Amino acid sequence: MNSEELFKISKNIIPGGVNSPVRAFEPYPFFVKEAKGSHILDIDGNDYVDHCLAYGPILLGHSDEDVMNDVYNQMQIGTAYGAPSENELKLAQEVIDRVPCAEMVRFVNSGTEATMAAIRLARGFTGKNKIVKFEGAYHGAHDYVLVKSGSGAACLPDSAGIPESTTQNTLSVPFNDVEALTQLIKEEGENIACIIVEPVMGNIGCVEPTVKYLKFLREITEENGIVLIFDEVITGFRLSHGGAQEYYGIKPDLVTFAKVLGGGFPIGAYAGRKEIMELIAPNGPVYQAGTFSGNPISIQAGLSTLKKLDYPFYGELSRKGDLLRNNISDIVEDLKLDLQVVGLSSMFQIYFNPDTVLNYEIAKRSDVKRFLVYFRDLLKNGVFIPPSQFECNFISGAHSEEDLIKTSEAIENALKLAWDL
Ligand SMILES: *Cc1c(COP(=O)(O)O)cnc(C)c1O
């Protein structure tokens with residue numbers, strides 16, 4: 001059977017035919033046969049350079065041989081224990097050694113779980129209820145953070161099935177806007193437990209903080225007794241050795257991880273100041289638990305992956321990212337297109353937008369119709385990116401210069417098609 005036929009069947013037995021919404025695209029998503037290194041192959045015989053990379057987890061490339069060997073060995077001696085094992089300490093120590101704010105670490109199973117637990121912890125620590133997130137920021141699929149991005153006053157849920165009473169304590173403001181947050185804290189500061197932020201917004205494309213913004217966040221939270229949470233589910237172990245907080249030199253109180261930390265397997269973690277982390281059960285009164293938390297497979301995959309992510313690795317990855325972004329910028333300039341080529345390190349995107357994208361409001365004005373023409377043409381020419389203007393594209397350590405040249409050529413082609421040139 002081919003992808004089209006499988007999707008037809010899938011739609012009848014799996015809602016929308018997929019197990020996570022963004023994977024569905026028109027007319028049907030390709031079904032994967034296998035993925036190796038920088039490439040992903042579908043069952044219809046196509047081979048793509050993969051810049052989706054599972055939406056972020058894959059940093060060494062698919063099925064890195066060293067990691068797979070270690071995981072295979074671990075599989076022979078157990079896959080879930082329900083009791084501690086030494087590797088959990090090793091991975092926790094590795095996180096602590098790399099990440100400036102991490103003094104203690106608790107492992108969970110996904111980014112969603114990590115942010116849910118970190119927000120509960122911030123509330124438990126401060127005794128306050130309100131939380132602040134940024135418009136367009138994604139912190140997973142749990143009730144407290146699925147809040148309509150738009151007007152800061154309206155804390156309406158983004159999804160059916162979430163009571164308004166659940167989200168009435170979730171406030172949102174535009175990213176990179178000092179005034180909006182200053183005003184909100186003036187009004188609500190004493191009721192705010194935490195501000196949760198993606199230091200680089202990776203779920204509306206790729207939006208960097210302005211030079212002073214993260215510093216401003218650190219100062220205003222400190223002054224008002226608000227816990228600052230960096231959601232580094234994308235940036236953690238991807239942007240640099242110690243994540244965005246090392247890259248930008250700003251230390252939050254708590255941090256959440258997932259994606260890259262699992263080396264291709266499901267994991268999540270939250271970490272931060274000891275004084276706060278010690279409130280987690282069974283030590284303290286903030287409950288959080290998980291059957292598969294710290295499972296030996298994901299932990300081993302994470303350990304084996306981090307072992308390979310040293311400073312030279314990140315230097316080389318950044319060099320590849322710069323090469324690709326420069327190529328794309330040259331193409332955009334030659335074609336005289338008014339587009340925004342954005343990104344840093346191994347993250348990149350093109351905004352089909354004439355304006356510099358600083359926040360969700362501006363990102364939303366992008367030309368998504370043209371983007372979809374561009375996406376489909378890339379796919380046709382063997383390059384897989386996420387099917388949305390509002391996702392980030394990635395590169396991995398496994399991407400060769402040949403891959404990046406192929407990607408650049410496909411992008412040139414796709415831009416010409418999208419703009420009728
Ligand atoms: C992907 C993502 C999450 C959710 O992680 P899951 O493992 O999909 O639950 C949370 N925060 C950010 C910033 C993410 O990109």
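This structure is a prediction, so every number in the text was calculated from the model and none was measured. We count ligands from 1, going down the list as the structure has it; atoms in each ligand are counted the same way.
In terms of protein heavy atoms, atom 9 (O) of ligand 1 is closest to T112 OG1, 2.6 Å. Residue, atom and distance of the protein heavy atom nearest to atom 15 (O) of ligand 1 are K259 NZ, 2.7 Å. Summary of contacts: the protein heavy atom closest to atom 5 (O) of ligand 1 is G111 CA, 3.2 Å. The shortest contact between atom 3 (C) of ligand 1 and any protein heavy atom is with V233 CG1, 3.7 Å.
Taking every heavy atom of S110 and a limit of under 4.0 angstrom, the matching atoms of ligand 1 come to 7 (O), 9 (O). Listed by atom number, the atoms of ligand 1 under 4.0 Å from H139 heavy atoms are 10 (C), 11 (N). Close approach of ligand 1 to D231 is summarised as follows: ligand atoms under 4.0 Å from at least one heavy atom of the residue are 10 (C), 11 (N), 12 (C), 13 (C). Near E198, the atoms of ligand 1 lying under 4.0 angstrom from a non-hydrogen atom of the residue are 13 (C). Close contacts between ligand 1 and I234 involve ligand atoms 15 (O) [criterion: under 4.0 Å to a heavy atom].
A donor-acceptor pair is defined here as one N or O able to donate and one able to accept, closer than 3.5 Å; such a pair exists between the side chain of R325 and the backbone of S345.
When non-hydrogen atoms are compared, ligand 1 lies under 4.0 Å from the side chain of N203 (C-beta onward) but not from its backbone.
For a threshold of 3.5 Å applied to N or O pairs, the pair formed by E113 and ligand 1 contains no separation below that value. Polar contact check, Y138 against ligand 1: a nitrogen or oxygen pair lies under 3.5 Å apart.
Looking at R238 and S346, their side chains do bring a donor and an acceptor atom within 3.5 Å of each other. Under the 3.5 Å distance criterion, with hydrogens and angles disregarded, a donor-acceptor pair is assigned to the side chains of D403 and S38. One side chain, E187 or Q183, offers a donor N or O that lies under 3.5 Å from an acceptor on the other.
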Assess whether side chain to side chain donor-acceptor pair (under 3.5 Å) is satisfied between Q93 and D97, documenting all intermediate values. CA-CA 6 Å; Q93 190 60 53; D97 291 345; 2.9 Å; yes
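Proximity of L254 to I196: side-chain heavy atoms (C-beta onward) are nowhere separated by under 4.5 Å.
The aromatic rings of Y213 and F216 lie tilted to each other, with the angle between the two planes from 30° to 60°. Between Y48 and F384, the ring planes lie tilted relative to each other; the angle falls in the 30° to 60° range.
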